Every structure is written in C-alpha cells, then in structure tokens.
Amino acid sequence: MAVTPDVLRPALELYLALHTHPELSGAEERTAALFADRLAEDGYTVTRGIGGHGVAGVLRRGAGPVVVLRAELDALPVTEDTGLAYPSRVPGVMHACGHDLHLAALAGAARTLARTPWHGGTAVIVGQPAEETLTGARAMLADGLYERIGGPPDAVLAQHAAPLPAGHLAHAAHPGGPVLAGSRTLDAVLHGSGGHAGTPQLTVDPVVAAAAAVLRLQSVVAREIAPGEPAVLTVGRLRAGDRANVVPDRAELGISLRAFREPVLERMTAAVRRIVRAESEASGAARPPEFTETSRSPVLAPDAGLTAALRAAHGELFGKSRVSGLPPGTATEDFPWFGPAGADAGLHGGRGIRCGYWMLGTVGAAAWRAAHAPAGEGEEPPALPPNHSPRFAPDVRTALPTGIEAMTAAFRCALRHSRETVGGIEAHDP
C-alpha cells in the first residue's frame, strides 16, 4: 500500500508549514487551525477548541467500533540548529520532538481513510495540545472529548518519532509490557531570609539549602529504590536570586521523577518531599518549603492483544525486518490518560478502551550508517541527535510516508480487532 501523491504532497506541505511555524504548549492556535482545516476538507465533522486548542474530526461509516487516532500539536522551547533549508522561523521554538511529523502523518492517514473503502465503524482524528507539559490529554478529556464523539472509543492509537532507522517501526518488546515510564513533576519552593551578601550571618540562605537538597536527592534512586527497579530522578531547574551580592528570600527546584511502577513513583515522591523539608529545616528556614505537583503521567503499557495484532499487521505491510521490539524507555507521555488509566482517574468511563502505541524511526540511512560504523583509533562515531535536541531532524522523505501507511494500517487493524473482541459483532476485514 504505497502512499499516493495526492495524499503525500499535502502531508508534506503541512509538515513544512508546521515545522517552520512551531507553537508552544497551550499556544497552538495556528497549528490547530491548519490541522482542523485539513480534516474538514476531507469530509470529517470537526470540533475545535477542546481542552484548549484541541481538535477532533469524526468520520462515521455505519455502526461498528470507534477508533481514535491521536497526534500532538505543540513544540518545544528549543532553538533549532539543524542546518535544514526550512528551519523554524520562531525564535527559541522548534519541533524538536517530531510532533510536526506526527501531525502530518496523521493528516495523511486521515485523508487516505476518507478516500478509501472501509465500512462499519468510526474514525476519530485527534490533535492534542500541550503534550510536552503532560496536561493536554487530561484537558481534552475534562472538556468532554469522548462525550463529543458519542462516548468512549473501543481503541486509541498513536505513534512517536524515535532515533531508529527511518522506515522502521518498533512495538513493545513484550505485549502488555511498558513502552514509556510514568512520571511526576514537582516544583519546590524553599524559603529563606534574604539580605546582604557581606553579612550572611544575618540571613538564612535558601540557595545553600537548595544546593544541599539537589545533592541529597541523588541518593533517592541509588539508596531507596531496589537496584533492579528502573527509576530516574532529575532536578531540571534550580532558580534563585538575581544578583551576586544579594542573598535571596527563596529558591525554586523543578524535579522530574520517572519509573515503571506507580508504587515506585509514590515512594520517590515521598522521599523528595522528606529530603527537601529536612534540608530546609537544617538551614534554619522560618517556614517549611511548598510543593506543587505540576504534572503526572501514567506508565504507558499498550494493550497486549492489540499490540500483537498491530505488530503483525505492520510486519505484513512493511516486512518483518522493518518491525521490531522495543525495550522500555524512560521518556514519558500523557497518552495513557486516553485509555484505562483515564478511567481509573475518573476522566472518562472507558475502562475497556484498548491502547496501541509504537515508535516511528526517523534517522536517514547515511546518518545511521555513520553512527554505527566502526570508529578509528581514538575516534568517536557521530552521535545521533535525540528527541528534544536542537539538532533533531527527521528524514521526512522516508519517515513521513512510513508514518502515513503505519497509521492507516493500524486503524484498519484496530477496527478489525475490535470487531473480533468486543460486543460479539461479526468479524470481517475492512
């Protein structure tokens, strides 16, 4: 199933429009409008402004399963350094995580589904805002996404760019096992008593307390989590003061926690609170620190049966050599809220929703060979720019058509799989 020019060309045009004009989380007005207009052009009934700038396009073809295909709208506060002929024109903002590729591939799949036969079911195309802040999925669901499309779907699908060979797909190595970690993000404010840098004895320095907390927090994974339990704790932000000769009144920490089991995340969260409080008290702070959980995401573990079916369908389409298993990664996603995790949290009533998720390779053949070629003595092979790097640049010529085909085939597979496994509906191939 090759992507036809009337599908690929508009998808590529959309990709270029998105890449050159990226928008940050919560500000994706132009991106959402472009995506929504494409869906409306192709005959979808489009609802805009869901949970911010979220978009949902619905295409019904009779009674049957409802399958949601989702991609993200937002970019990152990163300055592009790719050397591409079509760089971001927005200072300090770029699509460094492939969301422009995801949207373009989804638009191509949506057009393909609108122009090719399948019967007995509904396609729902979702453009989600604010994925990078891990808030957009919850916002869309809280704003009634599933009520607007007629109720919880049978399956929800997504794909994500990854530093794998372009044209290659990777599913969970163990069906039912995790693909991405769950997370907590905490902001902590430590309070001090400011004053002159020349009279530190008259102050309580929150910078010292924050610095001590940062060092002590490194012991959480090393000494409080079992060695066989993958976990990551990162202090990504330490902010305090404005001038060298002034002791500030406060210091702020931004702390990211990642693990593959909820009990581990809860234990890490408790440890962070305990350590920051203790360092604050040890410094003589007049009042305890304040904590705010700014985001959380569940562990992303796609449905086992659907994952096996999707991997088989992709293997049949592309050849088994282009489809592989994927070890769990400690990146995070808010995609799981669309599935059973969202039902458990009271965001929707779809406990029976099956989630499918896979990785889409983006690295061109020449770059891949160079990175994996034997290095000469004293030489290091060139590193592949990862997601969120200012040099992240997918090989669009290969990755985009692959993404379109992968998403289209996945929809048909999920439709068939839902018929065979839900509600006793007679199975037939779409």
Side-chain angles (χ1 to χ4, degrees), residues 25 76-78 130 132-135 138 178 180-299 328-334 345 388:
S25 304
L76 283 159
V78 174
E132 293 294 354
T133 57
L134 300 178
T135 57
R138 291 179 68 110
L180 298 176
S183 71
R184 303 281 188 278
T185 303
L186 297 174
D187 283 354
V189 178
L190 292 84
H191 299 283
S193 179
H196 198 290
T199 56
Q201 75 279 11
L202 303 178
T203 71
V204 174
D205 193 341
V207 179
V208 174
V214 169
L215 292 177
R216 183 63 183 265
L217 286 171
Q218 306 312 306
S219 71
V220 172
V221 172
R223 288 295 176 266
E224 300 193 40
I225 305 301
E229 189 79 59
V232 180
L233 186 155
T234 301
V235 180
R237 187 180 79 253
L238 196 170
R239 181 179 299 141
D242 296 304
R243 299 178 67 91
N245 64 345
V246 178
V247 175
D249 283 323
R250 55 187 272 155
E252 303 171 10
L253 298 178
I255 305 162
S256 170
L257 311 175
R258 301 159 189 264
F260 292 100
R261 294 196 305 119
E262 290 297 321
V264 177
L265 286 167
E266 293 300 329
R267 182 171 184 179
M268 293 171 72
T269 300
V272 167
R273 293 176 182 270
R274 184 191 74 238
I275 287 171
V276 174
R277 285 195 193 103
E279 293 295 351
S280 180
E281 184 176 351
S283 293
R287 57 187 174 123
E290 299 164 0
F291 296 92
T292 304
E293 183 182 281
T294 58
S295 71
R296 65 166 53 202
S297 62
V299 176
T330 49
T332 58
E333 254 268 30
D334 64 356
H388 292 213

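Residue numbers count from 1 along this sequence. Remember, it's a predicted structure, so these values are computed and weren't measured experimentally.
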Using a distance-only test with no angle check, is there a side-chain donor-acceptor pair under 3.5 angstrom linking S297 and S183? yes
Could you tell me whether the side chain of H191 reaches within less than 4.5 Å of the side chain of P206, counting heavy atoms only? no
Which atom of G284 lies closest to which atom of V204, heavy atoms considered: O-CG2, 3.7 Å
With a 3.5 Å cut-off and sequence neighbours excluded, list the donor-acceptor pairs that the side chains of residues 232-251 form with protein atoms.
| unit_1 | atom_1 | unit_2 | atom_2 | d |
| --- | --- | --- | --- | --- |
| R237 | NH2 | D187 | OD1 | 3.3 |
| D249 | OD1 | G194 | N | 2.6 |
| R250 | NH2 | E252 | OE2 | 3.0 |

Rounded to the nearest 0.5 Å, what separation is found between the CG atom of L215 and the CD1 atom of I275? 11.0 Å
Given salt bridge (charged side-chain N to carboxylate O under 4.0 Å, His left out), test R261 with E266 step by step and report yes or no. CA-CA 9 Å; R261 294 196 305 119; E266 293 300 329; over 6 Å; no
Are D334 and R138 close enough, and set up right, to give a side chain to side chain contact (heavy atoms under 4.5 Å, CB included), and what steps lead you there? CA-CA 8 Å; D334 64 356; R138 291 179 68 110; over 6 Å; no
Separation between CG of L265 and CD1 of I225, rounded to the nearest 0.5 Å: 9.0 Å
Between R267 and E229, does any NZ, NE, NH1 or NH2 come within less than 4.0 Å of an OD or OE carboxylate oxygen? no
V299 versus P178, closest heavy-atom pair with distance: CG1-CB, 3.8 Å
Any donor-acceptor pair under 3.5 Å linking the side chain of S280 with the backbone of V276? no
Step-by-step side chain to side chain contact (heavy atoms under 4.5 Å, CB included) determination, R258 to M268: CA-CA 9 Å; R258 301 159 189 264; M268 293 171 72; over 6 Å; no
Give the minimum heavy-atom separation between S295 and T133, together with the two atoms involved. CB-O, 3.5 Å
So which atom in L186 and which in R273 form the shortest heavy-atom distance, rounded to 0.1 Å? CD2-NH2, 4.2 Å
